[in-house]
Amino acid sequence: MKKILFLLFLPLCSLAQTASKYIQEGNSKANVRNYKDAIQDFTRAIELNDKNADVFYYRANAYGNLKDYKAAINDYAQAIVLKADLTNAYLYKANAEAAIQDYQAAIIDFDRAIALGPKTADMFHYRGNAKSNMSDYTGAIADFTTALQFTPNNADLYKYRGLAKNNNNDFTGAIADYNMAVKLSPNSAEIYQYMAGSKASINDYNGAIADYTKTLSLNPDNAEAYFYRANTRAKLNDFKGAVDDYKKAAAINPNLKNLLLYMANAQSSLGDSNGALDYFNKAIAQFPRNANLYLYRGIIKSDKKDNNAALEDFNKAIALEPKNGDAYQSRSFSKLALGNYEGARADADSAIKINPNSISAYVTLSKAKMAMKDTAGVITDLTKAINLNSKSDEAYLSRGDAYRDLGVPLAAINDYTKAIAINPVYTYAFLNRAIEKTKLGDYAAAVTDLEKLISIAPQQQNGYSRLGKINNFFKYTNNGVQIFNKAIALNPANADFYLYRGEAKAATGDAKGAMADYNTGVLKAPKNITLLLKRGLAKADAEDNNGAIADLSNALKIDSLSDSTALVWQARGFVKAKLKNYKGALADLDRAVSIYSNDETFLIRGDTKMAMKDYAGAADDYHNAIYMNDTNVKAYSHSGIAKSSLGDAQGVKEDFAAVFKLAPNNPDLYIDRAAAKINLKDLNGAILDCNTAISLDAKNGRAYLQRGLAKIALDDKTGGCADMNKALSMGAKEASDFIIKYCK
């Protein structure tokens, strides 16, 4: 029996000792990182005793160190079954789940580990990472903040919290965290790179470039840092610097996504589209089966308007890679440019089937539909693009363009405004919004947009040109002279810039400076009709009427028929009238009316007819001026004077009643009514109107002249001559003739 009992107990004793021995040996091997053999020992121990939670935990750790995370998770789970309060098993199981991207399960296990305690920084740190990967950035920020309470000098925690804040669009907060991380870990290239990205997001491009530069000083082989620094330099229109950086990135990692495309775009923006093509030609010779190289070369050719050649490249790209959605989208664009709208639509549809989230494909599809008059489909497609990404400035810009083309300017402006809200330096949106505002006559807002565009992209001449073309732009900005100083410095050969600066100077009262600019502009572009017109008007203002006639006549020799010449005919007619060449003036003004007339044309022709004593003809012209612009006060008052010469007292009364509603305190209107009353023999009424004008403007020489004429008509020679002499002393040159006539 003893022998039997001995035999019966011996195995039990040996089993227990052997399991413990295997655990000890497994741990010893694990401590020297011999995890594979350690797992074999732990497995033997489990075979001998599968109720020991610790051995499952140890084996799980070994599996985890070998990155066999699924096996590790299974062992941690078994350890927890055997020992429910094993905190670290939950913690490490969560880490293994995060490693296989099962973040939801990981968060549940982190929660259990935290609930069991004791709480550590790692628990909140790693749970924060899992929440970030689940896009729960608010939750991640809270966890990283709690972890920092345990370890306030942990650079990684500041880095990860900065990333979460960046992804939560709190770029300023992210930068603050990155700065703390840099203080704790000053040689981390990664942190500087992250901080650069956040700075770029708030348009601090110079700050971003400085951080990318610091990144590269710490890690010169960082292709992404070169790539992103290049993108940032392109934002600042430093295309040369961008190209240099793209080339450095390509030398390190030529397979970076979109690298070749961005580099070629930068070269094109630099004006070196041939250099971009040369780059792709060499790349294709080296890698003839690379579909993207053909795609990007096709895009450059498309930008150069060589769409037939571009199609060949897009066809090749698709043949090499039939599922290349970008190639279909780009081919669609070229077909659109060539007028193949059905083909463009089909390719855009193919691009969307391959990549249903391609905003660019929806944009191209909408343009094809616009060309095919499918206006309803246009807005539908662009709205889909916006629904795909409500933060897409491109989608809003394109829908704005669609509304513009459909003739819905307010909707276009609304979309451009949304694009700008997403991208505050979106130059195209500012330009297009300014154009639409100009169409609506909102010149002040258009000028504001163009000034912003110029401040963002001072090297783009289009902004200056658009600003100068706005009618009387100088009324809506105090910066006209400074703006066109910059434009001229940018392109001193552009005659229009001298024209616009001259207008701005004239608006500030710098007639001499304006004339100098007009002269320079005419030297550079002697056939520029607008420059000749402006210089002619400036000469007329300076009483160089013959010089004005010469400029305006030269302009008409260049072009006497187009609509734009109507203003030149009008201006020459005005100057001829000043010279009392009324017949010549009338001929020019008739020509202006026959080409294109406005209220000023009829007003000037009416004044000319009045001087020729054609009062009925003058009244008709003033009526036309009022019809075209019912706020033209001169047209009303001059009409009243013409009608007074015709003895139409009721007409006089109606015209001045209407004009005083528009400008009740305008002294010139009282003077004009006084002249009309003199014609109607209401001399006392004329004097009363002159008195009112003088009370409104005591230095108005015309008021004294008209009152003097009224007094003369009342046989008050002394009072009349006194008023006329006062008028002359105040600058009313026409008083001289009346003084000679009545006061000698």
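Note that this is a predicted model, so its numbers are computed, not measured. Only this structure's heavy atoms are used, side chains among them; waters, hydrogens and symmetry mates stay out.
Between Glu451 and Asn479, the side chains place a donor N or O and an acceptor N or O closer than 3.5 Å (distance only, hydrogens not considered). A donor and an acceptor atom, one from each side chain of Tyr403 and Asp405, are nowhere located under 3.5 Å apart. Side chains of Asp496 and Asn528: a donor-acceptor N/O pair is present below 3.5 angstrom, by distance only. A donor atom on one side chain and an acceptor atom on the other are found under 3.5 Å apart for Tyr622 and Asp607. A side-chain donor from one of Arg572 and Ser553 sits under 3.5 Å from a side-chain acceptor of the other. Side-chain atoms of Tyr416 and Asp401 form a donor-acceptor pair, as typed in the model, at a separation below 3.5 Å. In summary, the side chains of Asn237 and Gln459 do not present any donor paired with an acceptor at a separation below 3.5 Å, with no hydrogens or angles considered.
With sequence neighbours excluded, no residue forms a side chain to side chain donor-acceptor pair (under 3.5 Å) with Thr438. Judged as a salt bridge (charged side-chain N to carboxylate O under 4.0 Å, His left out), and not counting sequence neighbours, the contacts of Asp590 are Arg605.
Residue Phe239 places its CZ atom among more than 12 non-hydrogen atoms of other residues, nucleotides or ligands, all under 6.0 Å distant. For Tyr476, the OH atom counts as densely surrounded, since its 6.0 Å shell holds more than 12 non-hydrogen atoms of other residues, nucleotides or ligands.
The aromatic rings of Phe497 and Phe484 are tilted relative to each other, their planes meeting at an angle between 30° and 60°.
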**Message:** With side-chain contact (heavy atoms from CB on, under 4.5 Å) as the criterion, how do Met515 and Thr520 come out once you've worked through the C-alpha distance, each side chain's angles and the decisive distance to 0.1 Å?
**Reply:** CA-CA 9 Å; Met515 183 63 76; Thr520 302; over 6 Å; no
Going through the distances and angles, do Asp238 and Thr232 end up as a side-chain contact (heavy atoms from CB on, under 4.5 Å)? CA-CA 9 Å; Asp238 177 13; Thr232 309; over 6 Å; no
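Using a cut-off of 4.0 Å between Lys/Arg side-chain N and Asp/Glu carboxylate O, Asp672 and Lys634 are scored as not salt-bridged.
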